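In listed order, ligands and their atoms are each counted from 1. Treat the numbers as computed from the prediction; the structure is a model and nothing was measured.
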Amino acid sequence: MTAAAGPILVFDSGIGGLSVLDAIHSLLPTRRCIYVADDAAFPYGEWEEEALIEHIVGVMDRLVDSYAPRAIVIACNTASTLVLPALRARFTMPIVGTVPAVKPAAGRTRSGVISVLATPGTIARDYTRQLIDQFAADVHVELVASRRLAAMAEKLLQEDEIDAEAVREEILPCFVDTGIGRTDIVVLGCTHYPFLIPHMSAVAPWPVDWLDPAPAIAQRLAALIESDTRIAEGEGFTLFTGGASAPPLLAGMLRARGVPVGGDE
Ligand code: DGL
């Protein structure tokens, strides 16, 4: 007997993970994705670690029971840098995480100065520290915690509003001149941030590469599931754990991505 087909579950605290969903759709356009925004708990960036692990495991238990996904993508750095071991110990399907792209940035920098821009949670994680020790020991890594950028990306996607001066204040600490070199790559360590790239570039003191890990996440997923015939095809849907309905701008974006709000629920 063949096992029933199931969707790919793409999970974030909000709508930032849509940057990862876009990359998944480019590589795997026919696969069915369910996008889950845990907006009831947004932002994850300020949560205590133990409480956040318990919370995400609880939410994921319910989602796996309800939707029997064949693969899970944690499209959130703040969650992935903490909860992947607990999820992998609990579930058997492939689980792909999203973590700051320190390794590729350290390999590519010409100035020897990179910055990691992420939520306070991701910046504080042992996991982030280990990535740097392991892959960027010879590089100057500036760690920059942003309290406001994720919420600003939410506002941009939901209401088409952005405060350019606030963006400037948040990104300014990324721009470092060590005397030997100045920042040439900013690692986007939060999946909300790629939506802000044009706004960040517009106020940046000098041009940098904004490193978005989404294409690499999609490639990793594709490598794991490409030949898996149990991944369902077709349109999926978006679920907000807070039960809120999306404003028209966001609802349109979700429809265009094949994950309309509520969908077939
Ligand atoms: N999108 C999430 C990430 O990649 C963070 C947003 C939040 O603070 O919840 O880290």
task = Quick one: list whatever passes salt bridge (Lys or Arg N to Asp or Glu O under 4.0 Å) with D133, sequence neighbours left out.
result = none
Step-by-step salt bridge (Lys or Arg N to Asp or Glu O under 4.0 Å) determination, R147 to E170 = CA-CA 8 Å; R147 296 213 124 78; E170 294 299 293; over 6 Å; no
message = Over 60° means perpendicular and under 30° means parallel, so tell me whether Y44 and H55 are parallel, tilted or perpendicular.
response = perpendicular
request  = State whether a side-chain donor-acceptor pair under 3.5 Å links T119 with T78.
outcome  = yes
key: Aromatic contact, Y35 with F240 (centres under 6.0 Å)   = no
ask   = Is the centre of the H192 ring less than 6.0 Å from the centre of the F42 ring?
value = yes
Distances under 3.5 Å, N/O of ligand 1 against N/O of the protein: list each pair and its distance.
| unit_1 | atom_1 | unit_2 | atom_2 | d |
| --- | --- | --- | --- | --- |
| ligand 1 | 1 (N) | D12 | OD1 | 3.0 |
| ligand 1 | 1 (N) | D12 | OD2 | 3.4 |
| ligand 1 | 1 (N) | T191 | OG1 | 2.9 |
| ligand 1 | 1 (N) | H192 | ND1 | 2.8 |
| ligand 1 | 4 (O) | N77 | N | 2.8 |
| ligand 1 | 4 (O) | N77 | ND2 | 3.2 |
| ligand 1 | 4 (O) | T191 | N | 2.8 |
| ligand 1 | 4 (O) | T191 | OG1 | 3.2 |
| ligand 1 | 8 (O) | Y44 | N | 3.4 |
| ligand 1 | 8 (O) | G45 | N | 2.9 |
| ligand 1 | 9 (O) | S13 | OG | 2.6 |
| ligand 1 | 9 (O) | Y44 | N | 2.6 |
| ligand 1 | 10 (O) | N77 | N | 3.4 |
| ligand 1 | 10 (O) | T78 | N | 3.0 |
| ligand 1 | 10 (O) | T78 | OG1 | 2.5 |

